[in-house]
2 protein chains.
Amino acid sequence: MRSKPSIEAVAREAGVSIATVSRVLNGTKPVSAATRERVEAAVSALDYRVNPFGRSLSTGQSRILLMLMPDFANPYYAEIVRGAAAVSRQAGYTLLPADLEAWTGTADASLPTLLGSLSDGVINLVPMSDQAARREAANGKPWVNCSEFMPGSDVPYVSIDHRQAATDAVQYLINKGHRRIGFITSDERFLYARQRREGYDAALLRAGLAPAPELVCVTGDNSYAAGSQAAASLLAVVDPPSAVFAVSDTLAIGAIKCFSKAGRRVPHDVAVMGFDDVPIADIFEPGLTTVAQPMVELGAAAAEMLLALLDGQRPAPRILQHRLVLRESV
Amino acid sequence: MRSKPSIEAVAREAGVSIATVSRVLNGTKPVSAATRERVEAAVSALDYRVNPFGRSLSTGQSRILLMLMPDFANPYYAEIVRGAAAVSRQAGYTLLPADLEAWTGTADASLPTLLGSLSDGVINLVPMSDQAARREAANGKPWVNCSEFMPGSDVPYVSIDHRQAATDAVQYLINKGHRRIGFITSDERFLYARQRREGYDAALLRAGLAPAPELVCVTGDNSYAAGSQAAASLLAVVDPPSAVFAVSDTLAIGAIKCFSKAGRRVPHDVAVMGFDDVPIADIFEPGLTTVAQPMVELGAAAAEMLLALLDGQRPAPRILQHRLVLRESV
DNA sequence: CTGAAAGCGCTAACAT
DNA sequence: ATGTTAGCGCTTTCAG
């Protein structure tokens with residue numbers, strides 16, 4: 001099999017000009033039924049596929065949307081991708097998720113750069129504290145933030161109200177009678193982490209509970225193992241908490257695992273509240289009480305907003321609703 | 001801010017020709033220190049990034065590797081991506097994972113087609129039974145199969161020995177004294193599913209156990225919910241199994257959930273064996289006894305083989321080792 | 001060591 | 001309705 005046929009080969013095969021081939025390929029201009037058929041025959045005879053590089057170089061767009069994600073392994077992100085992919089696709093765009101996990105802390109920023117310039121726009125889920133990183137990643141392209149937005153910036157975003165959600169969660173714990181409430185968080189470079197901490201603090205304050213620094217653990221990531229370690233350290237403080245609020249379900253599940261191994265019954269000895277409501281939250285034993293984020297909707301909204309941006313509009317920020325889902329761990 | 005600067009703008013700014021700019025960008029040919037500096041200054045002054053479309057159109061390659069995945073949501077695949085991404089990256093390639101889940105059954109095959117022609121090669125994890133789909137996806141590009149290979153084809157692959165692994169798992173159950181062993185599988189379009197079923201059958205046969213069609217459940221997917229439903233149906237047969245072997249950890253965990261809800265203790269009343277050894281397997285209660293696949297290594301090997309292929313070599317198929325990891329569910 | 005120029009495959013005026 | 005042609009941004013001979 002010889003090398004890939006170009007549009008010219010198709011034109012020759014069909015006995016028409018390349019412009020005509022382009023027209024039937026894209027449906028941009030009317031073409032007589034007869035020629036159309038000849039072209040289509042040639043296309044399939046040659047097994048021709050348009051070369052996206054040629055096309056994009058010419059049109060200036062790729063119809064690819066990039067999604068920058070902090071971590072493929074967290075099921076939370078998989079759901080968001082699903083939502084975003086569906087709306088992108090139906091608008092004729094392809095959503096490309098890229099896991100930046102391997103690239104953080106690396107001097108080599110070529111992935112974001114390459115992909116950034118490959119795409120027509122980007123949906124960002126990773127923390128972008130400094131301006132440099134932000135410009136780097138967006139590369140002048142339209143972009144929107146999802147969950148991680150920049151307060152005060154003019155980049156459109158969609159998120160839940162992390163602060164309020166955390167307050168609601170902790171308030172629920174307080175209403176259940178808890179007074180010593182631990183807090184397990186992942187990485188405070190993330191806005192969600194900072195805002196949920198604020199919500200935690202606010203709920204404590206409102207209830208007249210003294211903040212207890214020894215009860216807050218910053219793990220660095222959202223792995224199960226990190227949750228377990230945090231729980232272990234909470235168990236080690238002099239007056240251990242009777243409840244803990246974790247900023248993700250994975251952390252919460254890791255914590256429960258640790259508590260169980262240590263012989264503490266959940267929720268009897270210690271209550272555990274998660275965040276996200278990923279699929280495993282409903283399956284794990286005990287069922288995890290958690291703050292549900294509308295993950296699919298977040299992804300879908302992000303894609304819609306990006307599409308609007310590409311369309312020249314100025315989409316307004318959106319805050320979606322969270323809700324407490326009560327299961328057995330609290 | 002004006003539109004993106006091209007290489008020509010850089011050349012003008014630096015007072016050199018575009019060829020020279022290209023040379024310092026790529027280090028292809030020697031350039032005097034003085035001009036190099038001028039060019040570099042121009043590049044950063046203009047915040048220039050090379051346009052990947054122009055470059056790829058010219059070179060005929062993109063340095064992008066595509067990974068075709070059946071389902072982002074299954075943690076199993078996340079681990080494989082991790083392995084493949086690491087080796088791709090260090091070879092100067094970017095790994096792009098694409099979730100085909102949304103596209104299966106769709107007439108629109110544009111995702112695979114677009115991405116296929118965007119990339120220099122593909123790592124395939126989805127079942128490719130028919131030739132058409134296979135050619136479509138590869139689009140004449142080098143490709144390798146990972147886990148899902150095509151027996152008898154000349155496409156390089158890396159996998160474990162699914163059949164043997166399943167036999168080992170079931171044999172272990174048999175050694176534990178089980179005689180009625182259920183089997184929960186996902187989707188028999190997958191080679192892994194067919195081969196693990198063969199292994200299950202073989203182990204039964206060798207032990208002189210009669211095959212019991214009422215004990216095998218084909219769910220269609222690997223969700224927790226599917227595992228639960230399958231378990232429920234197993235509970236409903238006249239002589240329910242004392243052990244069940246599921247082809248994935250997610251299915252196994254779903255099954256355990258169902259058994260627990262039905263008041264059956266695992267492993268006391270019914271033993272459950274999973275497959276994959278994803279992170280949650282170690283955290284779930286009870287800890288899941290499972291067949292561990294070297295997921296990261298599978299991904300890494302797949303990437304290495306693809307790279308070899310791109311290098312003109314003919315990599316030999318590889319079979320990696322599985323191993324039983326014993327926890328509490330059996 | 002550097003520049004001029006010929007493409008790479010495609011789209012979109014502009015003709016006809 | 002169809003063909004001609006000028007780019008899109010880049011790499012790479014080929015000259016010098």
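Letters go in sequence order (proteins before strands), and every chain restarts at 1. On a predicted model such as this, the values are computed, not experimentally measured, just so you know. FYI, side chains are in, hydrogens and waters are out, and symmetry mates aren't considered; it's all heavy atoms of this structure.
Tested against B:F149, the residues B:Y192, B:Y157, B:F190, B:W143 include a single ring pair (Phe, Tyr, Trp, His ring centres under 6.0 Å) partner, B:Y157.
At the heavy-atom level, A:V16 lies under 4.0 Å from the strands shown only through sugar-phosphate atoms. No engagement by A:V21 is indicated, since no non-hydrogen atom pair under 4.0 Å with the nucleic acid exists.
Between the C1' atom of D:dG9 and the OH atom of B:Y48 lies a distance of 7 Å, rounded to the nearest Å. In this entry the distance linking CZ of A:R12 with P of D:dT4 reads 14 Å, nearest Å. Distance, A:I7 CD1 to C:dG7 P: 19 Å, rounded to whole Å. Here the P atom of nucleotide C:dT11 and the CG atom of A:L57 are 11 Å apart, to the nearest Å. D:dT11 atom P lies 14 Å from atom CD of B:E8, rounded to whole Å. Whole-Å rounding puts the A:I18 CD1 to D:dT2 P distance at 16 Å. Put simply, CZ on A:R63 is 18 Å from P on C:dC10, counting in whole angstrom units. Summarising the geometry, the separation between CG on A:N51 and P on D:dC8 is reported as 18 Å, rounded to the nearest angstrom.
Between A:S22 and C:dT11 there is a side-chain polar atom (N or O) within less than 4.0 angstrom of OP1 or OP2. At the phosphate of D:dC10, neither OP1 nor OP2 sits under 4.0 Å from any side-chain N or O atom of B:S58. Of the side-chain N and O atoms in B:T20, one or more sit less than 4.0 angstrom from OP1 or OP2 of C:dG3. Taking 4.0 angstrom as the limit, B:N26 places a side-chain polar atom (N or O) nearer than this to OP1 or OP2 of D:dT11. The phosphate of C:dT11 has OP1 or OP2 within less than 4.0 Å of a side-chain N or O from A:R55.
Under a 4.0 Å N-O distance rule, the pair A:E148/A:R194 does not qualify as a salt bridge.
Residue A:R23 has its side chain nearest to C:dA13 when only D:dC10, C:dA12, C:dA13 are considered. Relative to the side chain of B:P30, the nucleotides D:dT4, D:dG9, C:dC1 differ in distance, and C:dC1 lies closest.
A donor-acceptor pair under 3.5 Å is absent between the side-chain atoms of B:K141 and the main chain of B:V122, judged by distance alone. Not one N or O on the side chain of B:R82 forms a donor-acceptor pair closer than 3.5 Å with the backbone of B:V296.
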inquiry  = Before you tell me yes or no, could you show the steps for A:D120 and A:S62 under side chain to side chain donor-acceptor pair (under 3.5 Å), namely the whole-Å CA-CA distance, both residues' side-chain angles and the distance that decides it to 0.1 Å?
reply    = CA-CA 6 Å; A:D120 288 347; A:S62 62; 3.1 Å; yes
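Both B:K29 and B:G54 sit near DNA chain D, but only B:G54 has its closest nucleotide nearer the 5' end.
Sorted by residue number, the members of residues 32-40 of chain A with any non-hydrogen atom under 4.0 Å from DNA chain D read A:S32, A:T35.
The ring of B:F72 has its center closer than 6.0 angstrom to the ring center of A:F72.
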Counting only pairs under 3.5 Å, give me each side-chain donor-acceptor contact of residues 305-314 of chain A, with atom names and distances, residues two or more places apart or in other chains.
| residue | atom | partner | partner atom | Å |
| --- | --- | --- | --- | --- |
| A:D311 | OD2 | A:Q313 | NE2 | 2.7 |

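Counting heavy atoms from C-beta outward, B:D221 and B:S186 have side chains that stay 4.5 Å or more apart.
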